[in-house]
Protein chains: 2
Amino acid sequence: MGQQESCIAQHFSHYGRLSENERRQLDALEAPATVVTKGQVLWHEGDAARNFCTLGLGWAYSFRYLADGTRHILETFLPGDVIGLREFPFQERLSSVAMLEDAEIRLVEHRRLVDIFRDSPRLTSLCFAVSSYQQALLSERLVHLSRRSARQRVAYLLFEFYSRLKRNDGALGDCFRVPLSQQQLADALGLSPVHVSRTLTAFRREGLVKRSRGWVHILDPQALADEGCVTGYLHESVLLVD
Amino acid sequence: MGQQESCIAQHFSHYGRLSENERRQLDALEAPATVVTKGQVLWHEGDAARNFCTLGLGWAYSFRYLADGTRHILETFLPGDVIGLREFPFQERLSSVAMLEDAEIRLVEHRRLVDIFRDSPRLTSLCFAVSSYQQALLSERLVHLSRRSARQRVAYLLFEFYSRLKRNDGALGDCFRVPLSQQQLADALGLSPVHVSRTLTAFRREGLVKRSRGWVHILDPQALADEGCVTGYLHESVLLVD
DNA sequence: CGGAGAATTGATAAATATCAAGGTAGGTGG
DNA sequence: CCACCTACCTTGATATTTATCAATTCTCCG
């Protein structure tokens, strides 16, 4: 992801092959990188929404506060992901976004997206694909949160991280960094931190997964996928026919 | 929604004013109406995805089967809604869709969407808006399902129906049709049908909501919104600046 | 009037939350 | 280099919510 291979081009290329020209168009979108620090809030729910951004390095998450002061984590963003695209048609941010680590982001004005729509039907299709993929992740999570046990939820989330990281880096091993605390995992899973801890302890005892401060080691990928009832289309290539 | 005011134009006009020309373009998308019957499955998860459709009359829902044979309802579709747009970049259906009532649908080939992308940046933006709004409904539901009590979930879902119906029909009163059985409400809420029944009984006793086979009567809209922790942006106009 | 799906109700069981008390590891300043 | 500090994690005991099972009633439709 150097200067000539922009983050956004990298991300879009998951959904279809890019021509040199298309790549240049995407590269031209991005402003210079901005450095942000762990814990920093990129924007709050309700803020005016005029841009989205790409995440060069580091993890982030979007969240909403509930009436009782608790917090729910809606999405996680991994290096290379696009953040805030879905808010394009809204005047206001629908959720807050905060950084899990020090990171580098690049802003893109929403109106630049309209330029894309005007200039390139193909890139437009790819934008749609990016957005639809995120929506697919969301609905998958919806299914997995609403009616599944704590074990299944935890297994699913860990496996989701695994498979999304693997999509960006085919050489990823079974041991990788996941910079969420148990409190944050709990906020993403709709569980109490205590119960997340118990579940992870059980998984460790059973030889499924080991987790310690920021790292996850998947001991038995197949068993984890089974436990999480992972169906698989998140892996499938989502290439557009054209 | 007669012959000249197509379902899809009607739907899109929620997101921005349509010119006569744009309206014609949208109208031209739709094939003649197809009649479908209650319980009919439009498509199954995993089927090839080559088109989407608009729902002229009647309700529908999308769902996934879980490993244990239970079912989760992901989305509900009301008259005027667009079904299956989010699957545009996927080769396969991500979820099944079934009818809650006898209804009328109109199919649109996915490749016609590419025509729109090529011919009209503005309609493209509106497509994006439609898709993003559905995504917003999904993420709102995600928040409301993962960490809220049964009372809050039920209240939220009923209020969501109320506000979505009201968006299509400003004159809607407090009493309207909701053709989901308690079993189906349970499948959408991630609760057992028994508990849905208890919760609805409690609401009736408290003078919040009355429900009987296919009808909902909201007795105290404000109290229901409070109980469901409805925040409000689903009502907001989502107009594009342009 | 009879039948079938749908809804209600009660009793009990299971899953998860909450509360509270330690324990551990990594970072920091002396 | 050590000691402490702090955030994070673990564990146990108890409380709450919701599921499950089973029996009954309701309501619509033929």
Side-chain angles (χ1 to χ4, degrees), chain A residues 37-39 66 68-73 98 100-102 144-158 177-206 209-217 227 229, chain B residues 37-39 66-73 98 100-102 144-158 177-206 209-217 227:
Chain A
T37 58
K38 177 172 172 170
L66 307 188
D68 59 4
T70 62
R71 195 179 55 161
H72 185 82
I73 294 183
L100 283 164
E101 324 174 85
D102 294 352
H144 282 271
L145 285 192
S146 58
R147 221 186 246 294
R148 292 208 194 290
S149 70
R151 284 178 64 92
Q152 291 174 313
R153 296 189 207 187
V154 172
Y156 175 77
L157 187 63
L158 295 182
R177 227 160 45 73
V178 176
L180 282 81
S181 68
Q182 289 192 2
Q183 173 70 62
Q184 288 162 334
L185 290 173
D187 286 342
L189 291 166
L191 295 170
S192 69
V194 174
H195 207 69
V196 170
S197 171
R198 289 191 219 278
T199 306
L200 285 170
T201 302
F203 282 174
R204 186 175 346 106
R205 295 223 176 96
E206 295 167 25
V209 164
K210 278 197 300 197
R211 177 192 170 278
S212 66
R213 289 165 199 269
W215 288 86
V216 166
H217 187 176
E227 182 73 50
C229 305
Chain B
T37 58
K38 177 171 173 171
L66 307 188
D68 58 4
T70 63
R71 197 179 53 162
H72 184 83
I73 294 182
L100 284 163
E101 322 175 87
D102 293 352
H144 283 271
L145 284 192
S146 58
R147 222 186 245 294
R148 293 209 194 292
S149 70
R151 285 178 63 93
Q152 291 174 312
R153 297 189 206 188
V154 173
Y156 175 77
L157 187 64
L158 295 182
R177 225 161 45 76
V178 175
L180 282 81
S181 68
Q182 289 192 1
Q183 172 69 60
Q184 287 162 333
L185 290 173
D187 286 342
L189 291 165
L191 295 170
S192 68
V194 174
H195 206 68
V196 170
S197 170
R198 291 191 218 276
T199 306
L200 286 169
T201 302
F203 282 175
R204 188 176 343 108
R205 294 223 177 96
E206 295 167 25
V209 165
K210 278 196 301 196
R211 177 191 169 279
S212 64
R213 287 167 199 267
W215 288 85
V216 166
H217 187 178
E227 182 74 49

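Below, chain A is the first sequence line, B the second, and so on; all start at residue 1.
Put simply, CG on Leu157(B) and CD on Gln152(B) are 13.5 Å apart, with the number rounded to the nearest 0.5 Å. Arg213(B) CZ to Leu180(B) CG: the interatomic distance, rounded to the nearest 0.5 Å, is 14.5 Å. With rounding to the nearest 0.5 angstrom, the CG atom of Asp187(B) is 9.5 Å from the OG atom of Ser146(A). To the nearest 0.5 Å, the span separating CZ on Arg198(A) from CG on Leu191(A) amounts to 12.0 Å.
Counting non-hydrogen atoms under 4.0 angstrom, Ser212(B) reaches nothing in the nucleic acid. Counting non-hydrogen atoms under 4.0 angstrom, Arg204(A) reaches the backbone sugars and phosphates but no base. Among the protein residues, Arg211(A) comes within range of the sugar-phosphate backbone only, with heavy atoms under 4.0 Å from sugar or phosphate atoms but none that close to a base. Backbone-only engagement by Ser149(B) is indicated by non-hydrogen atom pairs under 4.0 Å involving sugar-phosphate atoms exclusively.
Counting only heavy atoms from C-beta outward, the side chains of Arg153(B) and Thr199(B) never approach each other to under 4.5 Å. At least one side-chain heavy atom of His72(A) sits under 4.5 Å from a side-chain heavy atom of Leu145(A). Proximity of Leu185(A) to Val154(A): side-chain heavy atoms (C-beta onward) are nowhere separated by under 4.5 Å.
A residue-by-residue look at Gly214(B) and Arg148(A) shows that Gly214(B) has its nearest nucleotide of DNA chain C further toward the 5' end. Between Arg147(A) and Val196(A), the residue anchored closer to the 5' end of DNA chain D is Val196(A), taking for each the nucleotide with the nearest heavy atom. Residue-to-nucleotide proximity on DNA chain D shows that, of Ser192(B) and Arg213(B), the 5′-proximal contact is made by Ser192(B).
Atom P of nucleotide dT8(C) and atom CG of Leu200(B) are separated by 7 Å, given to the nearest angstrom. For the pair His195(A) NE2 and dA17(C) P, the computed distance is 6 Å after rounding to whole Å. When rounded to the nearest whole Å, the span between CZ of Phe203(B) and P of dT8(C) equals 13 Å. Rounded to an integer number of Å, the gap from NZ of Lys38(A) to P of dG26(C) is 14 Å. Rounded to whole angstrom, the span from the CG atom of Asp68(B) across to the C1' atom of dA19(D) amounts to 13 Å.
The closest donor-acceptor contact from the side chain of Arg204(B) to the backbone of Arg211(B) lies at 3.5 Å or more, if one exists at all.
Comparing dC19(C), dG10(C), dA7(C) by their nearest atom to the side chain of Val194(B) picks out dG10(C).
Residues passing the ring pair (Phe, Tyr, Trp, His ring centres under 6.0 Å) test with His144(B) are Tyr156(B), sequence neighbours excluded.
One donor-acceptor pair, N or O on each side, does fall under 3.5 Å between the base of dT18(C) and the side chain of Arg198(A).
Summary of helix geometry: the two end axes of the helix from dC1(C)-dG30(D) to dG30(C)-dC1(D), each defined by five base pairs via their C1' atoms, are inclined to each other by 40° (rounded to 10°).
Residues of residues 177-191 of chain A that place a heavy atom closer than 4.0 Å to DNA chain C, in numerical order, are Gly190(A), Leu191(A).
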